[in-house]
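This is a predicted model, so every value here is computed, not measured. Chain naming here is simple, since letters A, B, ... match the order of the sequence lines and numbering starts at 1 in each.
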Number of protein chains: 2
Amino acid sequence: MPQSQFQSFDETSDPSHGPARLAALRAELARRGLDGFIVPRADEHQGEYVPKNAERLAWLTGFTGSAGTAVVLKDKACVIVDGRYTLQAREQVDSSAFAPVALIDKTPEAWIEDNLPAGAVFGYDPWLHTPDNVKRLAKAVESAGGSLVPVEGNPVDAVWKDRPKAPAAPVRLHDIKFAGESVDAKLERIRERLTKQRLDALIVSDPHNLAWAFNIRGGDVPHTPLPLGYALVPREGQPTLFLDPAKLADDVRGALSRSAALAAPKDFPAAVASIAKDGAKVRIDSGTGAAALEQIVSAAGGKPDAAPDPIALMKASKNSGEIEGTRAAHRRDWAAVTGFLAWLDREAPNGQVSEIDAAEMLEDFRRRTNALMDLSFPTISGAGPNAALPHYRVTRRSNRRIGPGIFLVDSGAQYQDGTTDITRTVAVGPPTPAMRAHYTRVLKGHIAIATARFPAGTRGVDLDAFARRALWEAGLDFDHGTGHGVGSYLSVHEGPQNISKRGMTPLEPGMIISNEPGYYKAGGYGIRIENLLLVEEPRRVAGGERAMLGFETLTLAPIDRRLIVPALLNAQELAWLNAYHARVAAAIGPELGPTDRAWLEAATAPIPPPAAAP
Amino acid sequence: MPQSQFQSFDETSDPSHGPARLAALRAELARRGLDGFIVPRADEHQGEYVPKNAERLAWLTGFTGSAGTAVVLKDKACVIVDGRYTLQAREQVDSSAFAPVALIDKTPEAWIEDNLPAGAVFGYDPWLHTPDNVKRLAKAVESAGGSLVPVEGNPVDAVWKDRPKAPAAPVRLHDIKFAGESVDAKLERIRERLTKQRLDALIVSDPHNLAWAFNIRGGDVPHTPLPLGYALVPREGQPTLFLDPAKLADDVRGALSRSAALAAPKDFPAAVASIAKDGAKVRIDSGTGAAALEQIVSAAGGKPDAAPDPIALMKASKNSGEIEGTRAAHRRDWAAVTGFLAWLDREAPNGQVSEIDAAEMLEDFRRRTNALMDLSFPTISGAGPNAALPHYRVTRRSNRRIGPGIFLVDSGAQYQDGTTDITRTVAVGPPTPAMRAHYTRVLKGHIAIATARFPAGTRGVDLDAFARRALWEAGLDFDHGTGHGVGSYLSVHEGPQNISKRGMTPLEPGMIISNEPGYYKAGGYGIRIENLLLVEEPRRVAGGERAMLGFETLTLAPIDRRLIVPALLNAQELAWLNAYHARVAAAIGPELGPTDRAWLEAATAPIPPPAAAP
C-alpha cells in the first residue's frame, strides 16, 4: 500500500506525563499567586487546527482531541470533553491527576462554580478566550465567590520545557486566477462595509479571513493552508499585516507591500492600542477575537465592537474565479474518488483491505493528480461499528478490516484551485434489508436538499429538516448538522453559513455548502452521503412570481445502487438519482481506463421505476 | 341576515380630530418641559387587544389598526405602521398633522434618530414599553443628542377629555372541569420553577398567564376572555392578585381568597417595591413586563430578571381536562362551520351574498350551538382581491359580493371549553386552472405539516419550510408564519410556540398550534387552509429507534375538492386527504339534516388516484 503523507494513524499521546506536568503547573500558579487556571484547547485565533506550540491541553493532560478544556485548582483538576471524546479522554488522561468529565454533565463553568473555593484567585489567558467566554467564566468564578484575573504570559508555557517554536511556514501568494479578485478590490469592499457599519477600524483575527483578504496562503497548521497572523484595517489609509518576517520571501514581501504595511507580530498589541486611541470604534470578530484585544482597545480609550468580521460573509460567497477553480478541483477529485471506489469494489470483498489501507489508497489516487496540496481533513475511513461514530478517526489500534457489510469513507482534498469534501457509503458483500432501508432514507434526505428551491433570505435552519424528514418518519435521526460551508483552497469547515438547527445565515449565491445527512446504527454501522453544493443565482420559475435560489451539486461520484430500495423512492427522487448518475457517467467515464469505465457504467446505470407506483 | 353580536363592520375613525388633539398634547408636553413623546399602540400588558381607555394612539391620530406608533415632536409628528396598515393609516390619519411612515422604511427609533433635535428632552410612558423597547429608544434618542425621560402619568390621558374608564367586566371562575388543574397545583408547579431558576418572586404581567394560573376568566377586552390585572408570586408564601374589586363578586372573591391575597391595582407598585427589597431576584416577563416594573424593582434594591414568565410554557401544554374541552369545543364548531359551508355553497352562486353576510351567517351558525361566548377574533371574510390581504377585515365600505371565483373565510369561536380557529377557501362558480394549481400547492404544504413526525426538541422553525416547499418549487411563497399557538378558552394567538421562521420554542405534547399555509395573488385572490393541531405524545415507530412526536388534526370540515388538482398530489398526500374527509363525514354527517348531509357526502367523497402515477 502507498503511505499517507498527510495523515498519521499513530497514537502519540502518553498519559504518564500528566501528574508531573500538573505539579509543575501548580508550582508556577502558586508562584504567581493563582489558585486556579483554565487550559482550553485553543490558540490565539480560536482555530479548528492549532499549531504544535499551542497544544497546551495535550501537553498538560495527554488528551489530543480537537475540543476540550482542563481546569486546574490547587487540590483537584479535570478534563472536560464532549460526547465524541469521552472514551478517548479516559484512555489518554491519567485520571489520578485529572478527573475526566463529560461536557453533557458539566460545562467548565459549572465545574468551576461547584469546585472553586470562595476567595480563590482564578487565572485565564486572555489571548485564548473570546470576550463571551470570559463573561461566562467571570459569572461562574464570581458565583463561587472567587475573582477572575487575566495572566500575562501563559503559565503552561513557563513550565513547558521543550515547547515547540511557533510555526513559520512560508507564506505563498494565492494566484489571482484562483482568488478571482485583487487585494485592492477586496480592501475597497471591506472599507465600504466599515463605513456602512460606522467602524473606524477592523481587527482581522481570523487567519482564514486574513488569507482571503490578502490573497495569501500558508502552512502553519495541518489541512488548512493558513498563515497565522493578524491584520489591522483602518477605515481610511493602509492596512497593516502582522506576519512573522521569517515566513516572507522577498517576492511575497514585495507583492504584499503594494497593499499593506508589514510588521512583526510582536508589534501587534501596540498597533491595536494606537489605532484605538481617540475613541475609535474597533470591530473585533466575535467568533475569533481574543478577550485581550478587547482589553487593549478599551484600555487605549477605544470602543470595542464585538460582532462578526465582515470579511467572513464576503469570503463565503465565491466569485467567478473561485467558482471556476472549485469546478476544476472537483473535476480532478471526481476521477480520483471514482477510481478509488472501483478499486475498493474489486479488492474489499477479499477481506484483506483495512480502514488504513483504504485511506492510504484514496490519498494515493488523489496524489496521482499531481495537484494534491494536502488532505482537507484526516480521512474518516470506517468499517462496521467504527463508522457509527460520525467523527471517527482511524488509528493503528482501532483499524479494522473492511466488510462484509457497509463501509463509509469521508474525505477531501486541498488543491490550489479549490477544496473538496465527499462521503460515500458502499456495500461490501450483500447488504442487509435494514442497511438498504436506512441508506435509502438517508438518500431521500440528500435528494430533498439537493433539489430544494427557496427564496432569498432562506437560512440553513429553514432547510435542515428536509434532510431529516424521511428518517423521522421511520423513527430515526442523525446527531450532526446537515451541511457546513466550504472554503476556496481554505478551510473545509467555513462559516458563517451552514445547514443545521443553528444555521441562521441566509444562503447567498456563490456559497459552497455540504449536503451530508447520515444515519448511525450504534455498534453496527454508519451511513452518510455527502456532496458539495453551490448556491445558484436566483432564477424565475415558469408561472411563478418570485425568483428562487437553488443548489448545483458540485460533487460527482456514484451513489451505491446496491444499497437503494427503489420502492422507497418517489418518482421525482428516482428521476434525480438517474439524472445524477447520467452526469457522473458522462463526466467521469472518459477519464477512466476500460476496466474502471465498465465498472462505472454498471454503477451508474439507471434504476427503472418499480412496477407499482410508490 | 342575522346580525353580528361580536364584530362591528363600521369604521369608527375620524381623521378630523387629529390636529386639535395633537395641539393639546403638545401644550401638555410643553407644560411638562418635554420636547417630544412616543405613543405606542399598547397597554400596560403589551396585549394584542387593548381596552378602550388605552386606545391612545387611535384617540390621538385616528388610526385604529392593531399595531402602530406615533411620535410627537414640537414641530412634526408621524404615525408609523407596518405593511398591513399603510393604506388604512393614509385614510384614517390627517397627514397635515401626522406624516404616515411605513415601518419597512423607518422604525420609530430611526425616525427619532433622524428628526429629534440635539438637546431635546424626549418622554415615554414606562408602563407602555418593555425594557427592551426602552433600550432601543434610549439608543436612538442618545444618538440624536437628546435625553430620554420616563413620564409620571401619561400626558395623553391628561388632555383626553372623555377618556373611558378602565374596563371592569366581572371576573368568572374557570370551572376545574375545563381548567383541568387546581390553582394550588398550578401554584406549586410555578414555585418549583421559581426555585429551580433561583428566583425570589415572579411578577405576572401577562393577563393570559394570570387567567390561566388562577383559573379565572374575564371580559375586559374583545375576543379574549381576559381579566386585566397583575399577580405577584413569591417563591414562598401566598401570592397576591391585583384586580379591580369592582370585578369581583362575593363568590369569586371567596374562591380566590383560598389561594391568594386580593389587593387593588393601585397598591401594585408598592407591593412590587416591597417584594424587591433586600436584593430579591424578581422575574419580569420579557414579553409583557413594563419598563416601570424594572425601574421599581431596581429602585427598591431588587434584581430585575428579564426573561419569559415560566407560566407561558406551562400554559402552552394543555392538560387532559383542557384537551377534552378543546375536543368538545371543536366538535361543536365542526357542525356549525360545515353547516355554514353548505349554506354558502347553495347561496353564494346566486351572487347576492356579501362578505359581511357571510361573516354574520357564520356567527349565527355558531350562536345556534348555544355555547358561543365570543368570536376568537374578527372574522376574515374575503372575496376576490380582498382575500389577497392576509389580515383583511371587512368593513361596510370594503364589503364585496362573493364570487364568481374563490372566497376565503378565517374565523374562530370562544366556547367555555375551548378556542377554535379555522380557515376554508371555497370555489364559487368554476375556479380557474391557476386557482386550482395554487390551492393544491397550499394543500400540499398543509398536509406536509399535518403528517410531520419529529423528535423531541424540534421547534416550529424546523418545520416551517415543510409548509412552503411545494410553493417554493413553483416560485411562490406566503409572507406570514405557518402557525400560531392557541389557548384554552383564552387567546387564539398564544405563545411561546409557533411554526414560523422565528419559532424557537420546542414543540411539546399538549400544545395546540394552527396549520395555515396560504397563497395570495395580489389584486386577484387569496388562499389559506387552516386546521388546528394538537401535538401528540411521542410514539415509537415500528423499526425505529427514537420515539417521535406528531400532530393530531383537531379541526374537521371539508377541504374544497373542486379546487384540488389530483395529479399534483402524490399517493401519500391523496391518502391523507381521503382519510381526513372520511373522518369529516363520519364525525359531522350525523349532526346534520338530510340536505346538508347529502352535501357533505359529496364534499367529502374520496378522490381516486389519477390514472398515471404522479
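- Looking at A:A437, neither its backbone nor its side chain comes within 4.5 Å of chain B, counting heavy atoms on both sides.
- When all heavy atoms of A:A465 and B:D462 are compared, the pair lying nearest together is CB-O, 3.0 Å.
- With a threshold of 4.5 angstrom between heavy atoms, B:A448 approaches chain A through its backbone and through its side chain.
- Chain B forms the most heavy-atom pairs under 4.5 Å with one residue out of A:R459, A:E473, A:R546, A:K501, and that residue is A:R546.
- At a 4.5 Å heavy-atom cutoff, A:A547 makes no contact with chain B through either its backbone or its side chain.
- Looking only at heavy-atom pairs under 4.5 Å with chain A, the residue among B:T451, B:D464, B:L471 that has the most is B:T451.
- Side-chain atoms of B:E545 and A:Y520 include no donor-acceptor pair closer than 3.5 Å.
- Judged by distance alone, with hydrogens and angles left aside, the side-chain atoms of B:R469 form no donor-acceptor pair with the main-chain N or O of A:F466 at under 3.5 Å.
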